[in-house]
Amino acid sequence: MEVRALHPWPATPGEAETIQDRLRPLLDLTGPGPAAPRTAAGLDVSYEEGTDRLAAAVVVLDMATLQPVEESVVIGTAAFPYVPGLFAFRELPTLIEALERLSVTPDLLVCDGHGLAHPRRFGLACHLGVLTGLPSMGVAKTHLLGSYDPPDRARGSAADLRHDGQVVGRVLRTQDDVRPVYVSVGHRIGLDTACRHALALSPHYRLPETTRHADRLGRRALRA
DNA sequence: GCGACAG
DNA sequence: ATCTTGTCGC
């Protein structure tokens, strides 16, 4: 699929923040988004200890069967130091490369990280959404910012994630008595719709099948 | 001033 | 992200 070029590339954290602020206005935060996407792509990156070598993996699943439709993996290097809030710049180049090698265009992007639940409202999920023009959402394993009341212990329970007086995401329990995940909007999708898809993609485990598949593909490629 | 801080 | 063994429980 086609993906918008990502230069200029930042040389400093300050420049990276400027890029986020410049792209943020391009976000489409209207509408509920795709109610019944046929396919969803999971994106994940695995790192090699010690070096800056990494593997960016993308696995497209059929939303109805949750079975893989296509895979793409690219070995690359971390393109930026790890800085909370600028995390996307580490993996963006390699993830984009993996997306471009896809022969099909997924209906939804499920990213491992936050979208709007970000200090400048422009996390990885937002960035990938703007670059691809596709609906995107973020499902993060850990909290970055915002306050919330612990959701009930049953699968499907959720609580709003609030920051600066705004709802930037939702803490969602995908399995009974299991640590919740942090869902936030990326691009061209609403929070309710995003949570619905996150839940549908997680029938048996805490994390969505999309990211589970991408994770396995990524670390498998890192060894080969 | 002291923590917290996506992966 | 990754380093790491056994262990509790269905």
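Please read all numbers here as calculations on a predicted model, not as lab measurements. Chain naming here is simple, since letters A, B, ... match the order of the sequence lines and numbering starts at 1 in each.
Checking the phosphate oxygens (OP1, OP2) of dG7(B), a side-chain nitrogen or oxygen of T142(A) falls inside 4.0 Å. Remark: K141(A) is not in phosphate contact with dA6(B), judged by side-chain N or O atoms under 4.0 Å from OP1 or OP2. The shortest distance between the side-chain N/O atoms of R219(A) and the OP1/OP2 oxygens of dT2(C) is below 4.0 Å.
Across R219(A), R223(A), R53(A), a single residue satisfies salt bridge (charged side-chain N to carboxylate O under 4.0 Å, His left out) together with E48(A), and that is R53(A).
Between the side chain of H143(A) and the base of dA6(B) there is no donor-acceptor pair of N/O atoms closer than 3.5 Å.
Remark: P of dA6(B) and CG of D112(A) are 13 Å apart, rounded to the nearest angstrom. Atoms CG (D177(A)) and P (dC8(C)) sit 19 Å apart, rounded to a whole Å. Between the CZ atom of R120(A) and the C1' atom of dA6(B) there is a distance of 12 Å, rounded to whole Å. Nucleotide dG7(B) holds its P atom 13 Å from the NE2 atom of H118(A), rounded to whole Å. Rounded to a whole Å, the CZ atom of F89(A) is 15 Å from the C1' atom of dG7(B).
Between H143(A) and Y148(A), the ring planes lie tilted relative to each other; the angle falls in the 30° to 60° range.
No donor-acceptor contact under 3.5 angstrom links the side chains of Y82(A) and Y47(A), judged on distance only.
Nucleic acid contact class of G50(A) (heavy atoms, under 4.0 Å, all strands): none.
Taking CG of L108(A) as the reference point, atom CE of M63(A) lies at 6.5 Å (rounded to 0.5 Å).
Among the nucleotides dC5(B), dG7(B), dT2(C), the one closest to the side chain of E49(A) is dT2(C). Among dT2(C), dG7(B), dC5(B), the nucleotide with an atom closest to any side-chain atom of S46(A) is dT2(C).
Under the stacking definition used here (centres under 5.5 Å, planes under 30°), the residue Y47(A) fails to qualify as stacked on the base of dG7(B).
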